[in-house]
Structures are given as C-alpha cells and as structure tokens.
Amino acid sequence: MKVYINGKFYDKDEAKVSVFDHGFLYGDGIFEGIRLYSGNVFRLPMHIDRLFKSARAICLDMPWSKQEVMDAVCASCRENKLTDGYIRLVVSRGKGALGLSPLTCSDPQLVIIADQIQLYPDELYTNGLKAITVPTRRNSHAALPPMVKSLNYLNNILAKIEAQNLGYSECLLLNQEGNVAECSGDNVFIVSEGVVYTPPTSAGNLSGMTRRAVMELAEKEGFKMVERDFTRYDVWTADECFLTGTAAKIIPLVELDKRPIGTGKPGEITKKLIAAFNKIVSVEGVKI
Ligand code: PXG
C-alpha cells in the first residue's frame, strides 16, 4: 500500500507525520471518508467542499486548491490499483511548539490512505443491526460544532465504548435537548406510515453525504421525505429505521433499546432505498 503525504507516495511503514504535529498532540485537524465504487469516486466534489468547510470552521488555511486535493485522491486510487475501496483524507495542523496555539504550526499535512473498509458483517445488512441509546450526548453546536469532521472524535468514541460495554456494536446519540442526533458514525432515518424522516443538522448530526444521497433517492422513489426533530419514542414506534454512512452505506436498524422496530426485520422501504443506492453508486462519481 502507498500512502500519499503532501505530494509524495510512501510505503505504508514509511508514511509518517511528526509527533509534534498538532493533529497528534491536540486532535487539531480534519478528515474525510470517501468511497470508490467501480472506478468512480462517489460525490468527490461534495466531499472536498465539506473538507474545505471543516478547514474554514477551524481556521486552517488549506495551501492546496480543491482541484489539487481531488487530483491527489484519484492519484492515490490509481497508485494503489484500486477500483473499489475507501479513501481516508486527513489534514492536520502541522508541526508546532507545545501549547494549544495553532499560530506556532506550519506545514499542514495532507494524508491520503486508500484502502478497504467493512464496518459491519454482511449478515447485518440482511438481518439488521441492534443498537442502544447511550448516556453520552452529541457535541453541542455551542461547543465543538458537530458539522466539523475534526480529528477529535472522542465524543463518538466514548459513545461507542458505552455501547460496546453493554454488548452492542452501535449506539444512538441524543443531543442536549434529548432529541435524536445520530449514531456513532452514521446518520439515522426512520420510516413512519410511508414517510421518511431524518433529523435536521441543527440536531447535532453531521451533514452526511450518504444522508443527502438517500434524501434525494427517497424523493425520486416517490416517498415523502421530511427533515424534522424526533425523539427515541419516534424510533421505538417507527415502522422502519436505517443508518447511513460512507463506510456503512445503508444498514437496517431493527432494534433500539430492546424494542424491536416495526416487525423487527429490515423494512420494505429500507430495502427499496438500499437497491436504489446500490444502483447510483456504481455509475455516479468522478472517474479515477
Ligand atoms: N456522522 C458522523 C459523526 C460521521 O463521522 C457520518 C455521520 C456519515 O456521513 P457520510 O458523509 O459518510 O455519509 C459520519 C461519517 C472513518 C469514519 O474512519 C468516518 C465517519 C465515521 C466514522 C469513521 O473514516 N464519517
């Protein structure tokens, strides 16, 4: 495997950034996770836009143009002879003195890892996933804005640990108001009486690329799609529920907090959206 760092490719074991990089010292940086399907990078310009917005939000001046970053993503796929895979972009603040100030940092690092990812076993795509609501609340917009894909994912990791301690691989996070925000690394959707709902980004979820694609597909497939705040009660009593993410794609959620959702099996609308999503990913995207 070859890893891209600031314009050069390195062997996996030689791909290194400094321990004085504030990305390592303070989690000061941002990232993106992008998917390559059949030689097409899914929604690459939108991912790069989100990366640049994350950079702007944390006052990180990107010394590269969007086109340069997109070219580097495609080059990384070609260099690793991938046609399907997962591309992880990391931008760290760069080397600096000890102390929080980013003003001591120079030379931000752009790292691109092009590899494979499987978050959940195949069986869970057929039978559905079970999750539990955890006590850790999603970061508030008033603290670390949840829209920033920052290198500090401890909020989500603590939630994941709580779920794993209880024997679950996935969890639901609520926001400070007690409304549903998202799962540890996936957006959440419910279906009730034929209508598809997902929380607005004001609820504290990431503006997911898969979320956006699914919202568009739901409308194309003729379902009413509504962005609205909802609570755990709405999930417990929904007909269907599913999670979306670049790594997970669309995965049915069939149980929350020991309550089966709907029939306790993946729902029909969920299955339709999975089929529709699988159709667009292999044709939509930037050719490497
Ligand atoms: N919520 C959060 C907090 C995320 O980080 C999503 C939702 C789904 O968004 P997309 O754009 O992927 O549809 C994410 C996605 C990784 C990794 O290792 C990436 C994510 C989550 C967990 C791990 O690259 N991001």
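Order of listing sets the numbers, starting from 1, for every ligand and every atom in it.
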Output block, N or O contacts of ligand 1, threshold 3.5 Å exclusive:
unit_1   : atom_1 : unit_2 : atom_2 : d
ligand 1 : 1 (N)  : E182   : OE1    : 2.7
ligand 1 : 5 (O)  : K149   : NZ     : 3.1
ligand 1 : 5 (O)  : Y153   : OH     : 2.4
ligand 1 : 11 (O) : R50    : NH1    : 2.8
ligand 1 : 11 (O) : R50    : NH2    : 3.0
ligand 1 : 11 (O) : M209   : N      : 2.7
ligand 1 : 12 (O) : T246   : N      : 2.8
ligand 1 : 12 (O) : T246   : OG1    : 2.5
ligand 1 : 13 (O) : M209   : N      : 3.3
ligand 1 : 13 (O) : T210   : N      : 2.9
ligand 1 : 13 (O) : T210   : OG1    : 2.6
ligand 1 : 13 (O) : T246   : N      : 3.4
ligand 1 : 18 (O) : R88    : NH2    : 3.2
ligand 1 : 24 (O) : Y86    : OH     : 2.5
ligand 1 : 24 (O) : R88    : NE     : 2.9
ligand 1 : 24 (O) : R88    : NH2    : 3.4
ligand 1 : 25 (N) : K149   : NZ     : 2.4

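Counting only N and O atoms by type, the side chains of Y168 and E162 include no donor and acceptor under 3.5 Å apart. In this structure, a donor-acceptor pair under 3.5 Å is absent between the side chains of N80 and K2.
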* Please step through ring-ring contact (aromatic ring centres under 6.0 Å, His included) for the pair Y10 and Y4, ending with a clear verdict. => CA-CA 6 Å; Y10 298 86; Y4 174 101; 9.0 Å; no
* **Stepwise ring-ring contact (aromatic ring centres under 6.0 Å, His included) check, F189 with F230** => CA-CA 10 Å; F189 286 71; F230 55 83; 9.1 Å; no
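Figure legend: cation-pi geometry between R228 and Y197, with NZ or CZ positioned under 6.0 Å from the six-membered ring centre and within 45° of its axis.
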Expected list for residues 268-276: side-chain donor-acceptor pairs under 3.5 angstrom, two or more places apart:
unit_1 : atom_1 : unit_2 : atom_2 : d
E268   : OE2    : K271   : NZ     : 3.4
T270   : OG1    : E240   : OE1    : 2.7

